[in-house]
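Because the structure is predicted, anything quoted here is derived from the model rather than measured. Both ligands and their constituent atoms are indexed starting at 1 by order of listing.
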Amino acid sequence: MASRNKIQQTGSAVVMGVRISNPEKALWPASVGDQPITKLELARYYETVGDWMMEHIRGRPCSIIRAPDGINGERFFQRHAGPGTSKLLELVKVAGDRKPYLQVDRLEALAALAQVATLELHPWNCAPQHPEVPGRIVFDLDPAPEVAFDRVVEAANELRGRLAKLGLAALCKTTGGKGLHVVTPFTLAAGDSVRWPEAKALAREICVRMAADSPQKYVITMAKKERTGRIFLDYLRNDRMATAVAPLSPRARTGAPVSMPLTWQQVRKGLDPMRYTLRSVPDSLARSRAWKDYSECERPLRNALKRIAAGGTAA
Ligand code: ATP
Ligand code: MN
């Protein structure tokens with residue numbers, strides 16, 4: 001053991017120009033028949049999928065979850081720079097907080113984040129470079145433990161249909177956990193005064209209607225006891241400082257699951273979110289067309305607000 005530690009302390013690797021110390025450090029322990037996932041493997045994962053990720057994190061404050069001793073060790077949830085934060089990360093001031101927030105604007109910053117054992121990235125959902133302006137709504141579908149995953153798949157598809165009736169498009173991703181995220185990117189005209197209160201009210205109204213139509217399937221209250229057998233439609237995360245896990249971010253959970261962007265063809269019966277792991281995702285992503293239409297999915301939010309205020313659609 002002593003000699004192994006010595007190798008860990010003296011060895012280092014370089015990924016995207018960033019020195020990775022302790023590259024053999026296990027961050028996700030070995031599951032049966034597997035090697036543990038090391039810090040170096042994490043850095044290389046970010047290098048492989050980083051270009052894809054950047055579009056969805058760049059220009060937005062980003063919280064991180066670090067686990068220097070791996071997923072079974074202590075975790076640090078971090079919004080702000082700390083001593084030793086790499087210069088490859090951007091620091092941004094936002095109203096209401098004296099301390100600047102972390103922001104990931106360049107690919108190499110992902111290697112710097114791997115170096116400090118960043119297992120998860122959680123950006124804001126603002127418009128890039130405009131922290132006060134909402135840029136996408138995220139519906140967080142949270143099933144109670146006894147709910148089959150196929151029901152979550154149905155909920156995501158239903159939500160997509162309701163959004164379409166309001167003139168909005170939707171994209172779907174696994175969370176790397178138990179639910180799905182339905183993401184609706186949108187545009188605001190220059191000078192539009194819409195901010196999070198309006199975007200959140202819209203998200204709420206859509207979820208209220210969906211739960212009202214199928215109260216046996218969906219709830220919009222946080223209360224745990226009302227969630228039994230149901231899916232919690234969490235619209236509450238749509239707020240100025242709220243975050244959602246980034247697409248392609250790994251999760252600090254057993255098996256290194258990843259929040260995987262999906263095509264709607266994949267959001268169907270039998271979908272198994274645990275298939276998407278830090279090890280499997282690079283190949284899956286290379287073959288996938290998921291989210292290639294992200295920018296085409298950005299529709300004017302103003303129109304949807306008008307339609308829902310008119311109350312005329314069945315959305
Ligand atoms: P799951 O499918 O297992 O629910 P999830 O990522 O949706 O995975 P949630 O706990 O439902 O996990 O949280 C939704 C999002 O809200 C997260 O992706 C995260 O960005 C944010 N979030 C949740 N809890 C916190 C917290 N305590 N502090 C900051 N952000 C949080
Ligand atoms: Mn969730």
- Item | Pair Glu24-Thr38, side-chain donor/acceptor within less than 3.5 Å |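 No donor-acceptor contact under 3.5 Å links the two side chains.
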- Closest N/O/S atom of Asp142 to the Mn ion (ligand 2), by atom name?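 Nearest N/O/S atom: OD1.
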- By atom name, which N, O or S atom of Asp140 is the nearest to the Mn ion (ligand 2)?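 Among the N, O or S atoms of Asp140, the one closest to the Mn ion (ligand 2) is OD1.
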- Query: Is it the case that Arg230 places NZ or CZ above or below the six-membered ring of Tyr218, under 6.0 angstrom from the centre and within 45 degrees of the axis?
  - Reply: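 Judged by the rule, Arg230 and Tyr218 form no cation-pi pair.
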- Message: Tell me every residue that passes side chain to side chain donor-acceptor pair (under 3.5 Å) with Glu120, counting only those two or more places apart in sequence or in another chain.
- Response: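 So Glu120 forms a side chain to side chain donor-acceptor pair (under 3.5 Å) with His122, Arg251.
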- Message: I'd like to check the side chain to side chain donor-acceptor pair (under 3.5 Å) partners of Arg151; sequence neighbours left out, ordered by chain and number.
- Response: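 Partners of Arg151 by the side chain to side chain donor-acceptor pair (under 3.5 Å) criterion, ordered by chain and then number, come out as Glu154.
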- Task: Would you indicate whether the side-chain heavy atoms of Phe149 and Met274 approach each other to under 4.5 Å?
- Result: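 They are not in contact (no side-chain heavy atoms under 4.5 Å apart), so the answer is no.
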- For ligand 1, the residues whose heavy atoms come within less than 4.0 Å (ordered by chain, then number):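 Within the 4.0 Å shell of ligand 1, which is judged on heavy atoms, sit Phe77, His122, Asp140, Asp142, Thr175, Gly177, Lys178, Gly179, His181, Arg237, Thr243, Ala244, Val245, Arg251, Arg253.
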- Is Arg240 salt-bridged to Glu132, going by a charged N under 4.0 Å from an acidic O?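 A salt bridge links Arg240 with Glu132.
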- side chain to side chain donor-acceptor pair (under 3.5 Å): pairs with one or both residues in residues 59-81, sequence neighbours excluded: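 For residues 59-81: Lys25-Asp69, Arg66-Gln78, His80-Asp97.
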